[in-house]
Participant: 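Encoded as structure tokens, here's the structure I'll be asking about.
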Amino acid sequence: MADTQTFLRDRCLTVLNLPEKGRSLFTSRDFRPGEVILRQEPYVSVPNNNSSESRCDGCFKTDGLKKCSGCQVAWYCGSSCQKSEWKLHRHECKALCRLEKEKRMLVTPTIRLMVKLYLKRNFQNEKVIPITTTDDYSLVEALVSHMPELDEKQLMLYAQMANLVNLILQFPGIDLKEIAENFSKFSCNAHSICDSELRPEGIGLFPLVSIINHSCSPNAVLVFEEKMAVVRAMDNISKDSEVTISYIETAGSTLTRQKSLKEQYLFHCHCARCSNIGKPHDIEESAILEGYRCANEKCSGFLLRDPDEKGFVCQKCMLLRSKEEVKKLAGNVKTVITKAPASPSAENKQDAIALYKTLEKRQEKLYHSFSITLMRTREKLLKMLMEVESWREALSYCKLIVLVYQRVYPATHPLIGLQFYTQGKLEWLLGQTEEAVSSLIKAYDILRISHGTSTPFMKDLSAKLDEARAEASYKLLALEDGN
């Protein structure tokens, strides 16, 4: 850790051990919004390949791929990526070929990640691959596994996965218990590697980034530039403050967030937002995000359970909504959900859109307008409408979603910026140039904080904004000339 502390000190950071959190990352100077706090390449990473989509092992791109002729598991977009990965993959390839072809196709990204972890560790021990301050297996060893807190079912699963890794690697004297413990470390410490629009592309292990603790109201954000993890400040972070990011989807009630954190990361969150559990504001927020709407369609109030157990009472107009009515509406919603496809095919896309619109109408009668459940349905509808190029309707859903995002996320959250980016592109496509400029400005102002300004994605956004501004100016001049 001495080398690590020196590396971090040079970046005005330090690691402290806190009683209930363990290792925590702190600042030794002020950081402004958008400023890079930490960068790290993955110790190991793999793409999220599945039966429907494959990605290049080197860059995670999906175009022009060719399968490795040996193992037929890895894919490459060209000779450059294949060469960069070959030092490790030639040994992984040989190991995977020990499995029968049918079993080889069932090797998950997590299993591959573990195989690559042990191959890299051995090559670093043999000095085939150099060890650096930020690229060292000792950083993986320092990660917390939470093994004592796992139930028997999970321990059994990790033991089975460890046996499969052993079958692939066949290293003499390999420690199965250590492999199982590393799987537990993956569960708590591996990160989904996402593209600039936050779509998952792969998984990677970033031991330094894993030092950063969770908060439901984080002051920093983790994004990726290709496979490199980049942590940027979302707010002004004062000297001697702890750096925090969010491990989970924070749009939800305190109870929902706590449940998600306990199941996935095996800890109880004590952040400022979670410390408000049970207080009036927290109760109101939970009722709005996950509760029912008032029976009066013109009322925007939230409902709480009636003390007499007759139903739910609106806290704004005091109208009672009976348990029987809520149960009936919930049943109507459930009936449609059972029919709605999670991933509709191209052939039945229009049928799926019609079904999700029915679901939306039924949810509107049951849930609050800022309901997370209703928001998720509209997100699915927006995605499908974009796929069938129904731009005008997609724009209407985009606007509905951004209103909820602004309610449930911090002002500088990248999801708000990305939604404004989508809105701006749709408005521009539909000839609403002035509105497009306004939306793209909002997108840029948010995303420059989370994404910086020098990435290809942000340069493209900036170019679009300049072009839209020029078009808006031309239209204005043309209108003035006409008048």
Side-chain angles (χ1 to χ4, degrees), residues 1-9 11 13-26 38-46 87-88 91-92 95 109-150 154-155 157-159 161-166 168-191 193 203-214 222 227-229 231 243 245 247 264-267:
M1 279 297 292
D3 289 343
T4 305
Q5 286 282 26
T6 302
F7 172 86
L8 293 172
R9 197 180 305 120
R11 286 151 184 81
L13 301 165
T14 187
V15 176
L16 300 178
N17 273 291
L18 301 184
E20 291 188 357
K21 290 185 173 183
R23 294 187 305 162
S24 308
L25 191 69
F26 278 75
L38 184 65
R39 293 179 185 269
Q40 188 182 20
E41 293 280 1
Y43 185 75
V44 283
S45 64
V46 290
K87 186 177 284 188
L88 207 59
H91 297 279
E92 182 197 18
T110 308
I111 295 292
R112 281 196 68 200
L113 196 69
M114 187 64 73
V115 169
K116 292 178 83 168
L117 179 81
Y118 276 88
L119 286 169
K120 184 167 182 176
R121 183 192 72 171
N122 280 13
F123 291 143
Q124 285 190 324
N125 289 341
E126 295 165 6
K127 295 183 170 51
V128 175
I129 296 176
I131 295 173
T132 68
T133 304
T134 60
D135 197 51
D136 187 346
Y137 184 77
S138 65
L139 297 174
V140 179
E141 289 180 309
L143 297 175
V144 176
S145 69
H146 293 287
M147 284 289 276
E149 297 159 58
L150 299 179
Q154 194 63 49
L155 290 170
L157 175 62
Y158 287 155
M161 292 166 74
N163 276 312
L164 177 55
V165 171
N166 182 37
I168 295 168
L169 290 172
Q170 296 186 15
F171 286 168
I174 197 165
D175 188 341
L176 291 176
K177 186 178 178 182
E178 182 192 62
I179 299 174
E181 187 175 349
N182 278 334
F183 273 122
S184 187
K185 287 181 180 181
F186 281 3
S187 176
C188 302
N189 295 282
H191 288 90
I193 299 173
I203 51 173
L205 197 60
F206 303 85
L208 281 184
V209 175
S210 294
I211 294 172
I212 302 173
N213 286 320
H214 164 85
L222 171 63
K227 291 197 289 186
M228 179 181 283
V231 179
V243 178
I245 58 175
Y247 293 0
Q264 175 67 36
Y265 297 100
L266 304 169
F267 71 84

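We count residues from 1, following the sequence as given. Since this is a predicted model, take the numbers as computed values, not measurements.
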Participant: Name all residues meeting the side-chain hydrogen bond (donor to acceptor under 3.5 Å, both in side chains) criterion together with K21; count only those two or more places apart in sequence or in a different chain, and write none if there are none.
Facilitator: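 Listed in chain order: E242.
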Participant: What residue among L119, L117, N125 forms side chain to side chain contact (heavy atoms under 4.5 Å, CB included) with R121?
Facilitator: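 It is N125; the other options fail the test.
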Participant: Please round to the nearest 0.5 Å and tell me the distance separating atom OG1 of T110 and atom CD1 of I203.
Facilitator: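 Output value for this atom pair is 4.0 Å.
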Participant: Below 4.5 Å, heavy atoms only, C-beta onward: do V231 and L222 meet side chain to side chain?
Facilitator: yes
Participant: Kindly indicate whether the side chain of P207, heavy atoms from C-beta on, has any atom under 4.5 Å from the side chain of Q40.
Facilitator: yes
Participant: Checking T134 now: which residues fulfil side-chain hydrogen bond (donor to acceptor under 3.5 Å, both in side chains) with it, not counting sequence neighbours?
Facilitator: none
Participant: Kindly write out the residues that satisfy side-chain contact (heavy atoms from CB on, under 4.5 Å) with E149, not counting sequence neighbours, or none if the list is empty.
Facilitator: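 Only H146, L266 meet the side-chain contact (heavy atoms from CB on, under 4.5 Å) criterion with E149.
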Participant: Calculate, to the nearest 0.5 Å, the distance between atoms CD1 and CG belonging to I129 and D135 respectively.
Facilitator: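 Interatomic distance, I129 CD1 to D135 CG, rounded to 0.5 Å: 8.0 Å.
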Participant: Sequence neighbours excluded, which residues qualify as side-chain contact (heavy atoms from CB on, under 4.5 Å) partners of T133?
Facilitator: D3, F7
Participant: Got a sec, which residues hit ring pair (Phe, Tyr, Trp, His ring centres under 6.0 Å) with Y265, two or more places apart in sequence or on another chain?
Facilitator: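 Here the qualifying residues are Y247.
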Participant: With K227, which residues qualify under salt bridge (Lys or Arg N to Asp or Glu O under 4.0 Å), at least two apart?
Facilitator: E85
Participant: As an exercise, state the distance from CG of L143 to OG of S210, rounded to the nearest 0.5 Å.
Facilitator: 5.5 Å
Participant: Holding to salt bridge (Lys or Arg N to Asp or Glu O under 4.0 Å), I want the full list of residues that pass it with E41, two or more places apart in sequence or in another chain.
Facilitator: none
Participant: CD1 of I179 to CG of L169: how many Å apart, nearest 0.5 Å?
Facilitator: 6.5 Å
Participant: Donor-acceptor check, side chain of K185 to backbone of V140, threshold 3.5 angstrom: yes or no?
Facilitator: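 Yes; at least one donor-acceptor contact below 3.5 Å.
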Participant: Using ring pair (Phe, Tyr, Trp, His ring centres under 6.0 Å) as the criterion, list what pairs up with F123, not counting sequence neighbours.
Facilitator: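 Per chain and number, F123 pairs via ring pair (Phe, Tyr, Trp, His ring centres under 6.0 Å) with H91.
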Participant: How long is the span from the CZ atom in F206 to the CG atom in L38, to the nearest 0.5 Å?
Facilitator: 11.0 Å
Participant: With distance as the sole test, does N189 use its side chain to make a donor-acceptor pair with the main-chain N or O of L205 at under 3.5 Å?
Facilitator: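 It does not hold such a pair.
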Participant: Closer than 3.5 angstrom, by distance alone: can the side chain of S45 be matched with the main-chain N or O of Y43 as a donor-acceptor pair?
Facilitator: no
Participant: Partners of R39 by side-chain hydrogen bond (donor to acceptor under 3.5 Å, both in side chains), sequence neighbours excluded?
Facilitator: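 Here the qualifying residues are E225.
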Participant: Working to the nearest 0.5 angstrom, can you tell me the gap between H214 NE2 and Q264 CD?
Facilitator: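 Going from the NE2 atom of H214 to the CD atom of Q264 covers 12.0 Å.
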Participant: With sequence neighbours left out, write down each residue that passes side-chain contact (heavy atoms from CB on, under 4.5 Å) with N166, or none if nothing qualifies.
Facilitator: I174, L176
Participant: Just to verify, what does E141 make a side-chain hydrogen bond (donor to acceptor under 3.5 Å, both in side chains) with, not counting sequence neighbours?
Facilitator: none
Participant: Would you mind reporting whether V15 and F26 have side-chain heavy atoms less than 4.5 Å apart?
Facilitator: no
Participant: Quick check: do R9 and T14 have side-chain heavy atoms less than 4.5 Å from each other?
Facilitator: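 In short, these two side chains do not touch, never coming nearer than 4.5 Å.
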Participant: If the condition is side-chain contact (heavy atoms from CB on, under 4.5 Å), which residues does A95 pass it with, not counting sequence neighbours?
Facilitator: R98, I168
